[in-house]
Amino acid sequence: MLTHDINLFPSRRDEKWKYSDLRSSLRHLSDGIEDENKPNFLLPDGLTLEEVDCEFSSVKNISSALAENYCNKAWKINVPESFKSDQSLIISNLNSGHSRIIININTGGCLSLVEYYESQSNSFINTNIIINIMDKGELDRVIFHDDTQETVRISSAIINSESNTKITQNAISFGSALSRIETLLTASGENLNATINGAYLLSENRHCDMTSNIELLKPNCHIRQLVKGVVKDKSNGVFQGKFHVHRPAQHTDAEMRHDALMLSDRSKIRSKPELEIYADDVACAHGNTIGQLDEDVLFYLRQRSIPRAEAEAMLTEAFVSDVFYSLKDDQLQENILTKIRGRL
Amino acid sequence: MLKINNLSANVDNGNKQIINNLSLAVPAGEVHAIMGPNGAGKSTLSYVLTGKPGYEVTSGDVLLSGESLLDFSPEERAAKGIFLSFQYPIEIPGVPTMTFLKTALNAQRRANGLDEMGAPEFLKKSRALATELKIKPEMLKRPLNVGFSGGEKKRMEIFQMMMLEPNFILMDETDSGLDVDALRLVAEGVNKLRDPKRGILIITHYQRLLDYIVPDKVHVLSAGRIAASGDAEFAKKLEVEGYDAYA
């Protein structure tokens with residue numbers, strides 16, 4: 001049992017948290033650390049919500065350990081075989097404390113999942129979602145992080161996929177005192193087709209960390225990851241991505257990209273892309289760029305009467321928006337772009 | 001209309017003086033051409049007039065309709081009506097051409113105290129002008145200049161010019177990279193914009209464009225200043241004799 005001892009939280013001495021010092025963020029904030037949160041669920045017709053005991057998960061991270069320590073209950077949703085719906089499962093009110101959510105997508109089931117992390121409460125919030133996708137299942141996941149500047153937020157998903165599954169994930173974060181979106185995906189079956197995209201737009205002193213670890217255990221998986229970041233003022237962007245291609249995972253085709261735009265001298269980007277490959281017949285790549293807006297392009301727009309700030313906003317929107325082209329839901333895509341525009 | 005008085009300018013943090021005590025006046029209603037060898041300062045002049053960062057004016061003044069431009073930002077100068085048709089129009093991935101153009105037009109209108117142009121009026125105007133310049137509607141939906149050919153990019157500059165209806169037009173090597181048909185189309189667009197209230201300054205290497213847009217005056221720019229001036233016939237003489245006599 002963890003107790004509320006700040007020194008048990010990871011700090012920059014822990015490799016996985018070295019760019020996001022959770023311990024020091026929690027020194028300034030204690031609300032929510034020992035609480036259990038009850039999220040709101042808006043369920044598509046045909047799905048039901050169960051309350052179950054919060055059991056130990058096989059894959060561990062700090063988020064699951066905290067949830068298991070502080071949550072008595074977990075919220076479980078079972079997506080039946082061959083389930084399809086135009087409606088999304090919407091999870092919100094993730095406002096303070098810990099929650100564990102379990103989603104099982106049965107054979108051939110398709111789920112569209114939208115998670116809104118919008119806290120006004122300046123507290124610590126940890127959401128741990130465990131998703132199991134069975135054969136031929138599909139998950140389309142959208143994550144919004146739009147918190148106060150004081151919030152400390154971890155939202156982590158532990159996803160296991162069986163054969164012939166499809167995952168599309170799009171995350172957008174505006175950061176907070178510390179905000180981390182962690183995705184631990186284990187492809188335990190063949191033929192996973194996954195797109196794991198994200199974008200962060202940060203200003204003031206905000207911090208956002210997009211961390212993912214993808215374990216590929218079986219052959220023929222296709223992974224595309226594109227994360228784009230924009231940092232202004234004194235904000236901090238962190239990207240950590242890892243593809244771990246195990247020996248049997250032949251014919252893996254995986255690409256990881258992180259591109260960041262720095263709009264101020266005092267902002268920071270820290271990026272750690274990793275590939276660990278044990279199979280010998282794979283195509284794996286990673287790319288990472290950090291840059292500024294092109295002055296020649298800005299001048300072109302200004303020569304057409306567009307004020308500098310507006311020109312910068314236009315170019316920044318153009319830079320991040322292609323992350324969300326893979327979104328199937330046009331309305332959701334427009335909502336995300338509107339939120340982005342509101343921040344530029 | 002446009003008056004340049006004893007202008008000197010540097011680039012590269014003052015290490016390189018490109019414009020050297022240059023004076024020139026282009027009255028409203030006239031078309032002037034500036035010709036000259038490579039490195040004479042032709043493109044630099046267009047950037048100095050439009051306020052590109054990195055170009056520093058060390059002395060002299062530039063007046064548009066009697067008002068000095070030098071204290072204004074590039075966007076303020078543009079809103080006052082100075083338009084540069086770029087030698088190398090910039091590609092902007094992710095920004096649809098129509099979005100860009102509507103933003104530009106409305107920024108210009110706002111700066112001049114006018115109401116923004118509504119979508120129906122904007123669409124009507126842009127469609128009519130696009131047809132005139134043989135610009136396909138698909139091109140307007142694509143990101144600005146991305147994947148456009150050299151000729152398409154130059155036509156897009158003329159299209160923007162016709163949409164924005166500037167008071168003073170600067171054309172930097174608009175003829176480069178154009179085939180004869182595209183050149184004629186571009187020239188027709190520019191000729192339509194000839195107006196008693198508007199001045200036009202064409203920067204070019206070759207006399208070719210001036211067969212289609214006949215200038216009132218031709219100037220030779222050499223070593224950062226006007227070395228000689230003449231009428232439209234003077235351009236033909238330069239084409240034959242070259243610029244050596246003015247170096």
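Chain naming here is simple, since letters A, B, ... match the order of the sequence lines and numbering starts at 1 in each.
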- Query: What option among B:Ala104, B:Gly54, B:Pro93 has the most heavy-atom pairs under 4.5 Å with chain A?
  - Reply: B:Ala104

- Item | Residue, of B:Tyr47, B:Phe83, B:Phe100, that accumulates the most heavy atom pairs under 4.5 Å with chain A | B:Phe83

Please say whether more than 12 non-hydrogen atoms of neighbouring residues, nucleotides or ligands are located less than 6.0 Å from [atom1] in [X].
X: B:Phe122; atom1: CZ; value: yes
X: B:Lys124; atom1: NZ; value: no
X: B:Lys102; atom1: NZ; value: yes
X: A:Lys339; atom1: NZ; value: yes
X: B:Arg127; atom1: CZ; value: no
X: A:Gln292; atom1: CD; value: no
X: A:Lys242; atom1: NZ; value: yes
X: A:Lys272; atom1: NZ; value: yes

Please round to the nearest 0.5 Å and tell me the distance separating atom [atom1] of [X] and atom [atom2] of [Y].
X: B:Asn112; Y: A:Ser305; atom1: CG; atom2: OG; value: 7.5 Å
X: B:Arg110; Y: A:Glu310; atom1: CZ; atom2: CD; value: 5.0 Å
X: A:Leu298; Y: B:Lys52; atom1: CG; atom2: NZ; value: 11.0 Å
X: A:Tyr300; Y: B:Gln160; atom1: OH; atom2: CD; value: 3.5 Å
X: B:Leu144; Y: A:Leu301; atom1: CG; atom2: CG; value: 8.0 Å
X: B:Phe86; Y: A:Gln303; atom1: CZ; atom2: CD; value: 5.0 Å

- Item | Main-chain N/O of A:Arg308 paired with B:Glu75 side-chain donor or acceptor, under 3.5 Å |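 Between the backbone of A:Arg308 and the side chain of B:Glu75 there is a qualifying donor-acceptor contact (under 3.5 Å).
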
- Below 4.5 Å from any heavy atom of chain B, which atoms of A:Asp322 appear? Answer side chain, backbone, both or neither.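 Neither; nothing under 4.5 Å.
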
- Whatever's closer than 4.5 Å to a heavy atom in chain B on A:Glu317 counts as neither

- Query: So, B:Glu76 and A:Arg302, do they make that salt bridge, N to O below 4.0 Å?
  - Reply: no

- Item | B:Leu84, part contacting chain A, at a heavy-atom distance under 4.5 Å | both

- Task: Measure B:Ala79 against the heavy atoms of chain A and call it side chain, backbone, both or neither at under 4.5 Å.
- Result: both

- Task: Taking all heavy atoms of B:Ala107 and all of A:Ile306, pick out the closest pair and write down the distance.
- Result: CB-CA, 4.1 Å

- Is there side-chain contact between A:Phe299 and B:Thr50, with at least one heavy-atom pair below 4.5 Å? yes

